[in-house]
Amino acid sequence: IPEARFSFEEPACVGQSVVFRNESDTIYKVLNWEIDTLNITTSGDFSTSFNESGTYDVLFTPTYDPVGDYQRECYDTFTNSITITDVKAGFTYEKQGACSEFLFTDSSTNAVSFSWDFDHPKSGDDNTSDLQNPKHRYAKDVGIYNVCQWVFNEQGCKDSVCKEIEVEYVKDIEKYNVFTPNGDGQNDEFLLEVVNHKVYELKIFNRWGARVFSSSSKANGWNGYHNGNKANSGVYMYKLSATFVDGESVKKSGDITLVR
């Protein structure tokens, strides 16, 4: 009986074409394939794709037309199973802090390895990552970035997804005008929240123009003391000089009220 046989390459993945290669005796001219509910006849190799993962039996029954009085209809059959695996890419993202840093959280299924491209060539080697849940900082760069994730399962199947994110560079100064340094843990210091700065200088003066406080760090606010003594309740003036990381400089001044 002439031998019937076929082969296919693995991994076999959901949604990707699988080629079943005929390796039978050349006498076979009519190739019948049966996979699940699919029945098809070809004269050569056969390709199809699978929409769901699982194991499928493939029944191969080739035939030929006998030639001459001595050739009989003796047909071989061949059965093999193919395992289809799946992997699905997916992620979410959120902005953290004021320095345009984004956290990307993997939401893929069946993935064991990952590859990311943050569409930010300026960041050099940091533009890509193989972490499952990476972070990326765009710093002062702004615009629309097309972030892509590639995922792979144990068998080598892969999938990818890309999402556009909008990056905005935030620079701001937040201030308030009243503080109450009474030790209750609420509003006990006068602070100016400066976002994305590299130079910071804050000075505070009393109503007669005498300086009662100065600081070059936004983490160091005025606690309402001067020379170790409590400053009196009343109105004071502040002056702030700041330079942002993009080089822009600002100067601000205003009144603050100390209430005891």
Side-chain angles (χ1 to χ4, degrees), residues 1-93 104-119 127-134 136 144-165:
I1 298 176
E3 182 182 25
R5 181 170 294 274
F6 67 84
S7 67
F8 54 86
E9 293 185 359
E10 295 180 308
C13 311
V14 167
Q16 298 181 11
S17 179
V18 179
V19 178
F20 296 92
R21 292 183 173 84
N22 175 36
E23 298 177 350
S24 305
D25 190 296
T26 56
I27 195 174
Y28 291 111
K29 304 302 181 182
V30 180
L31 311 179
N32 303 298
W33 309 83
E34 182 178 338
I35 307 174
D36 200 20
T37 60
L38 176 65
N39 290 275
I40 192 169
T41 299
T42 68
S43 60
D45 295 344
F46 163 61
S47 64
T48 189
S49 60
F50 298 81
N51 295 324
E52 296 182 1
S53 59
T55 299
Y56 298 82
D57 291 329
V58 182
L59 175 61
F60 182 49
T61 56
T63 64
Y64 59 89
D65 293 327
V67 178
D69 295 335
Y70 298 100
Q71 194 174 68
R72 298 183 179 181
E73 296 180 354
C74 297
Y75 308 136
D76 190 18
T77 61
F78 182 72
T79 302
N80 199 358
S81 62
I82 181 171
T83 299
I84 307 298
T85 63
D86 192 18
V87 62
K88 187 68 175 178
F91 67 90
T92 59
Y93 61 89
F104 299 92
T105 302
D106 170 54
S107 61
S108 63
T109 55
N110 300 327
V112 296
S113 61
F114 309 85
S115 179
W116 299 80
D117 187 310
F118 304 112
D119 192 24
N127 188 42
T128 59
S129 175
D130 58 4
L131 298 177
Q132 182 175 4
N133 300 302
H136 185 74
I144 303 296
Y145 294 85
N146 193 41
V147 178
C148 294
Q149 177 202 51
W150 290 265
V151 294
F152 306 83
N153 66 8
E154 290 182 343
Q155 292 75 25
C157 295
K158 66 179 180 179
D159 189 34
S160 65
V161 64
C162 297
K163 295 183 179 182
E164 289 188 344
I165 66 170

| query | Between the side chains of Asn32 and Thr41, does any donor sit under 3.5 Å from an acceptor? | reply |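 Checked: Asn32/Thr41 side chains pair up, N/O donor to acceptor below 3.5 Å.
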* **His136 and Phe118 aromatic ring geometry - parallel, tilted or perpendicular at 30°/60° bounds** =>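 Parallel: the ring planes of Phe118 and His136 meet at under 30°.
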Could you label the plane-to-plane angle of the Phe20 and Phe50 rings as parallel, tilted or perpendicular, counting under 30° as parallel and over 60° as perpendicular?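 The arrangement is perpendicular - the two ring planes meet at more than 60°.
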Are side-chain heavy atoms of [X] and [Y] found at a separation under 4.5 Å?
X	Y	value
Trp116	Leu131	no
Phe6	Val58	yes
Lys29	Asp65	no
Asp57	Ser81	yes

Fill in: Member of Trp33, Phe78, Tyr28 meeting the side chain to side chain contact (heavy atoms under 4.5 Å, CB included) criterion with Pro62
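Going through Trp33, Phe78, Tyr28 one by one, the side chain to side chain contact (heavy atoms under 4.5 Å, CB included) with Pro62 is satisfied by Tyr28 alone.
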Q) Which of these passes side chain to side chain contact (heavy atoms under 4.5 Å, CB included) with Ser53: Asn110, Thr85, Val14? A)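 Of the listed options, the one satisfying the test is Val14.
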ring-ring contact (aromatic ring centres under 6.0 Å, His included) with Trp150: which residues, sequence neighbours excluded?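 Trp150: no ring-ring contact (aromatic ring centres under 6.0 Å, His included) contacts found.
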For this session: Tell me, with the steps shown, if Arg21 and Glu9 meet side chain to side chain contact (heavy atoms under 4.5 Å, CB included).
Result: CA-CA 9 Å; Arg21 292 183 173 84; Glu9 293 185 359; 3.8 Å; yes
Under 3.5 Å donor-acceptor, Asp119 side chain and Tyr145 backbone: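 Absent.
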(request) Report the C-alpha separation of Phe114 and Val151 in whole Å, then their side-chain angles, then the decisive distance to 0.1 Å, and conclude whether the side chain to side chain contact (heavy atoms under 4.5 Å, CB included) test is met. (result) CA-CA 5 Å; Phe114 309 85; Val151 294; 3.7 Å; yes
*Check side chain to side chain contact (heavy atoms under 4.5 Å, CB included) between Glu23 and all other residues, then give those that pass, not counting sequence neighbours.*
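Counting only residues at least two positions away or on another chain, Glu23 forms a side chain to side chain contact (heavy atoms under 4.5 Å, CB included) with Arg5, Ser7.
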